[in-house]
Asker: 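Okay, here's the structure, questions in a sec.
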Amino acid sequence: MQKHPDKIFWWVFGTHATAIFLLLIIPLIKGCFHPRPKEIVSFVEFVSEAPAAAQPVAEPQPVSRPEPVAKQPVVEPPK
């Protein structure tokens with residue numbers, strides 16, 4: 001027989017509550033003390049230089065298109 005069932009319940013409850021509290025709180029506390037990484041700023045310029053003025057730029061030539069082929073009349077065979 002158990003002499004003090006209420007006392008055992010509170011010991012088990014307190015042990016479990018403490019374990020759960022420590023498992024949830026300790027990671028949060030550890031996260032507060034990590035040093036923040038230094039911020040790195042990079043600058044990239046996407047501008048190309050103008051072409052050299054010594055060489056003139058040639059204008060594009062128009063595309064020549066082939067002349068259409070005349071259609072042959074369809075001749076029906078005699079019946």
Asker: With hydrophobic residues grouped by side-chain heavy-atom distances under 4.5 Å, do Leu22 and Ile29 end up in a single group?
Answerer: yes
Asker: Tell me whether Phe21 shares a hydrophobic cluster with Leu24, the cluster being built from Ile, Leu, Val, Met, Phe, Trp, Tyr side chains joined at under 4.5 Å.
Answerer: no
Asker: Side-chain donor-acceptor contacts of residues 9-20 below 3.5 Å, not counting sequence neighbours, with atom names and distances?
Answerer:
unit_1: Thr15; atom_1: OG1; unit_2: Trp11; atom_2: O; d: 2.7
unit_1: His16; atom_1: ND1; unit_2: Val12; atom_2: O; d: 2.8
unit_1: Thr18; atom_1: OG1; unit_2: Gly14; atom_2: O; d: 2.7

Asker: Taking ILVMFWY side chains as joined if any heavy atoms are under 4.5 angstrom apart, and letting links pass through other members, which residues group with Phe46?
Answerer: Val44
Asker: Under 4.5 Å side-chain heavy-atom separation, chaining through any Ile, Leu, Val, Met, Phe, Trp or Tyr, what else clusters with Phe43? Say none if it is isolated.
Answerer: none
